[in-house]
There are 2 protein chains.
Amino acid sequence: MTKSFDAYEKISVATDVVILTSDEVETNNPRMSAPKGLKVLLVKRDEEPFNGEWSLPGGFVDVNVGIEQAARNKVAQKTGVENLYMEQLYTYGNELDRDPRGRVISIAYLALLNKENIQQNTDSNTKESQWFWVMIKNGQLLYSTDGKGYYLIDNLKIAFDHKQILQDALERLKNKVLYTDVAFQLLPELFTMRELQDIFELLHGKTIYSFRRFIESKVEETELISDGKAHRPAKLYRRR
Amino acid sequence: MTKSFDAYEKISVATDVVILTSDEVETNNPRMSAPKGLKVLLVKRDEEPFNGEWSLPGGFVDVNVGIEQAARNKVAQKTGVENLYMEQLYTYGNELDRDPRGRVISIAYLALLNKENIQQNTDSNTKESQWFWVMIKNGQLLYSTDGKGYYLIDNLKIAFDHKQILQDALERLKNKVLYTDVAFQLLPELFTMRELQDIFELLHGKTIYSFRRFIESKVEETELISDGKAHRPAKLYRRR
DNA sequence: ATAATAGTGTCTCTAAGACATTATGCG
DNA sequence: CGCATAATGTCTTAGAGACACTATTAT
């Protein structure tokens with residue numbers, strides 16, 4: 001019944017990383033402030049299978065590299081960021097034909113980073129990559145290329161089961177911001193209440209009342225102020 | 001930079017399953033009722049590495065079997081139970097030398113079952129297996145062979161990183177019983193409030209006040225009664 | 001009667017939902 | 001000034017913690 005170690009055919013192991021950051025959507029109205037959005041990094045595949053479709057950054061795990069390290073290496077390659085918050089999401093491998101090339105299981109990670117740390121042009125390979133805005137509304141995952149018009153994620157061609165992974169990632173983050181401090185990983189050191197609140201509201205798809213009261217124990221006020229717009233300026237806060 | 005599919009050495013993939021059930025601890029006092037405990041199934045290794053130590057039921061994933069199915073097969077082999085609650089816990093694979101035989105990553109599952117469904121002697125192989133009582137007290141994982149004297153888990157010889165997996169499993173269950181209905185999976189269809197409460201209290205290592213109030217929306221009363229002991233009998237409930 | 005547990009009631013405290021009110025700076 | 005947003009205050013409700021009190025059976 002029990003076969004020995006070497007009797008088992010080995011399996012291809014991959015990691016895929018949902019890399020998220022927050023950024024402000026462009027506005028040219030000097031009265032309105034720029035709303036914050038959540039962005040995920042996708043890369044366009046340039047080979048079969050799913051040639052031309054969008055996919056999560058990822059790749060196969062080398063037999064001499066730990067699984068989380070493999071994911072970190074991929075993030076470093078795509079964004080230049082070395083130290084960042086990362087957590088394991090889930091391992092996908094129930095379907096034998098997830099990947100038409102052969103049996104592949106994939107360990108998905110969630111990586112959160114502050115956009116100020118992102119390096120441009122660090123990727124030594126030539127694959128096209130793009131940040132897409134994402135949000136959850138009525139339990140549905142929406143995406144946008146400009147932060148204004150949001151569409152159902154099904155309208156975007158996404159390779160493998162990566163749509164599911166992305167969905168699972170946002171669902172996890174949605175829950176986790178409520179009982180951990182992960183949300184701060186998405187922002188620079190200094191931020192306004194509104195910027196932080198926008199992240200929570202995007203994930204939950206609804207306005208959060210009395211957000212200040214909810215978050216106040218986790219932040220501390222600074223003397224600095226976010227100025228420039230035609231309305232009352234906001235104090236800047238940092239994580240406590 | 002990007003190597004092709006076949007350029008990667010494949011990796012051994014295993015699953016390990018934390019199989020839990022609840023059972024009552026023997027008492028011969030006709031006045032006291034039998035307290036409920038949590039039990040985990042461990043198997044004694046009969047080969048290197050870690051020969052003679054206890055380990056979680058598990059094994060390598062066949063290239064033609066889905067990862068969850070592999071875990072389900074293992075549970076069926078050890079307990080005879082085919083339909084049961086199971087969820088993926090975490091994938092262990094950061095350390096390259098988790099297994100001295102070679103690079104192995106392991107996907108851990110949590111399986112919950114009602115002891116009434118367990119078949120005896122279903123295991124066709126000859127490995128010795130044993131149910132150990134477990135509980136969390138002051139954040140520490142304790143085990144017992146008789147449900148009475150509990151000891152630090154470090155006093156038990158456990159193979160690989162399976163102690164960590166077991167710890168992670170109980171931590172997950174501890175949190176999950178609070179916001180899901182998974183606890184019912186550990187009990188027969190009919191149970192008393194005290195049996196259910198015992199499970200919650202074992203996991204949290206403290207008494208839970210007003211447990212009825214907390215759980216009442218999830219259960220429904222039956223006309224049946226748990227009799228036999230020298231004190232007020234308890235109504236039996238079922239999951240709503 | 002009494003040991004031992006089942007089951008109910010109540011008081012307090014904290015956190016969240018919903019929203020009204022006041023403050024501030026630029027165009 | 002008034003638009004747009006920041007920041008504070010308040011009323012209500014839901015739930016958890018802690019514990020007192022009453023009910024019921026076999027010995």
Side-chain angles (χ1 to χ4, degrees), chain A residues 24-25 27-37 174-175 177-181 183 187 190-201 203-238, chain B residues 24-37 174-175 177-180 183 187 190-201 203-238:
Chain A
E24 50 196 31
V25 177
T27 54
N28 38 18
N29 184 334
R31 304 201 78 109
M32 291 210 310
S33 64
K36 279 272 165 175
K174 167 181 173 174
N175 294 322
V177 292
L178 296 180
Y179 63 93
T180 69
D181 289 350
L187 288 170
L190 298 176
F191 49 83
T192 65
M193 278 289 179
R194 172 48 55 188
E195 289 168 340
L196 188 55
Q197 184 168 357
D198 277 347
I199 291 172
F200 280 74
E201 296 189 343
L203 289 169
H204 287 268
K206 61 177 184 185
T207 63
I208 295 177
Y209 295 97
S210 303
F211 180 76
R212 286 187 126 72
R213 183 177 55 186
F214 167 74
I215 209 75
E216 65 190 355
S217 67
K218 297 177 182 168
V219 298
E220 65 183 23
E221 212 174 288
T222 70
E223 295 305 309
L224 301 165
I225 272 181
S226 153
D227 53 345
K229 290 288 178 177
H231 51 73
R232 178 171 175 177
K235 286 185 190 133
L236 292 177
Y237 292 77
R238 72 159 58 86
Chain B
E24 50 196 32
V25 178
E26 308 285 331
T27 54
N28 38 18
N29 183 335
R31 303 201 79 109
M32 292 210 310
S33 64
K36 280 273 166 174
K174 167 181 172 174
N175 294 323
V177 292
L178 296 179
Y179 63 94
T180 68
L187 289 170
L190 298 176
F191 49 83
T192 66
M193 278 290 180
R194 172 47 55 184
E195 287 168 342
L196 188 54
Q197 186 168 354
D198 278 347
I199 291 172
F200 281 73
E201 295 189 345
L203 289 169
H204 287 267
K206 62 177 183 184
T207 61
I208 296 176
Y209 294 96
S210 304
F211 180 76
R212 288 185 123 75
R213 182 178 56 190
F214 167 74
I215 209 75
E216 65 190 354
S217 67
K218 298 177 180 168
V219 297
E220 65 184 19
E221 212 175 288
T222 68
E223 295 305 309
L224 300 166
I225 272 181
S226 153
D227 53 345
K229 289 289 178 178
H231 53 73
R232 178 171 175 176
K235 285 185 192 139
L236 292 177
Y237 291 78
R238 72 159 58 86

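Just so we're on the same page: letters track the sequence lines, and every chain starts at 1.
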Under-3.5 Å N/O pairs linking protein and nucleotides 3-5 of chain C:
residue, atom, partner, partner atom, Å
dA3(C), O4', Arg31(B), NH2, 3.4
dA3(C), N3, Arg31(B), NH2, 2.9

Taking atom CD of Glu26(B) as the centre, report whether more than 12 heavy atoms of other residues, nucleotides or ligands fall under 6.0 Å from it. no

Within the 4.5 Å heavy-atom criterion, are Val177(B) and His204(B) side-chain neighbours or not? yes

For the pair made of CZ in Phe200(A) and P in dA16(C), what is the distance, rounded to whole Å? 11 Å

Which residues in residues 203-219 of chain A have a heavy atom closer than 4.0 Å to any atom of DNA chain C? Tyr209(A), Ser210(A), Arg213(A), Phe214(A)

Would you grab the first and last nucleotide of DNA chain D (5' to 3') that comes under 4.0 Å of any non-hydrogen atom in chain A? dG2(D) to dT10(D)

Starting at atom CG of Leu236(B), determine the distance to atom C1' of dG7(C), rounded to an integer number of angstrom. 15 Å

With sequence neighbours excluded, what pairs up with Leu224(B) under the side-chain contact (heavy atoms from CB on, under 4.5 Å) test? Leu190(B), Thr222(B), Leu236(B)

Of all residues at least two apart in sequence or in a different chain, which pass the side-chain contact (heavy atoms from CB on, under 4.5 Å) check with Phe211(A)? Met193(A), Leu196(A), Gln197(A), Phe200(A), Ile208(A), Phe214(A), Ile215(A)

With Glu195(A), which residues qualify under salt bridge (charged side-chain N to carboxylate O under 4.0 Å, His left out), at least two apart? none

Presence of salt bridge, Glu201(B) and Lys36(B), under 4.0 angstrom: no

So, His231(A) side chain and Met32(A) main chain: donor-acceptor pair closer than 3.5 Å or not? no

Does NZ belonging to Lys206(B) count more than 12 external heavy atoms closer than 6.0 Å? no

Pick one: which of Val219(A), Thr192(A), Leu187(A) meets side-chain contact (heavy atoms from CB on, under 4.5 Å) with Tyr237(A)? Val219(A)

Contact summary for Ala183(A) and Ile199(A), nearest pair of heavy atoms: O-CD1, 4.5 Å

Tyr237(B) OH - dA6(C) P separation (whole Å): 11 Å

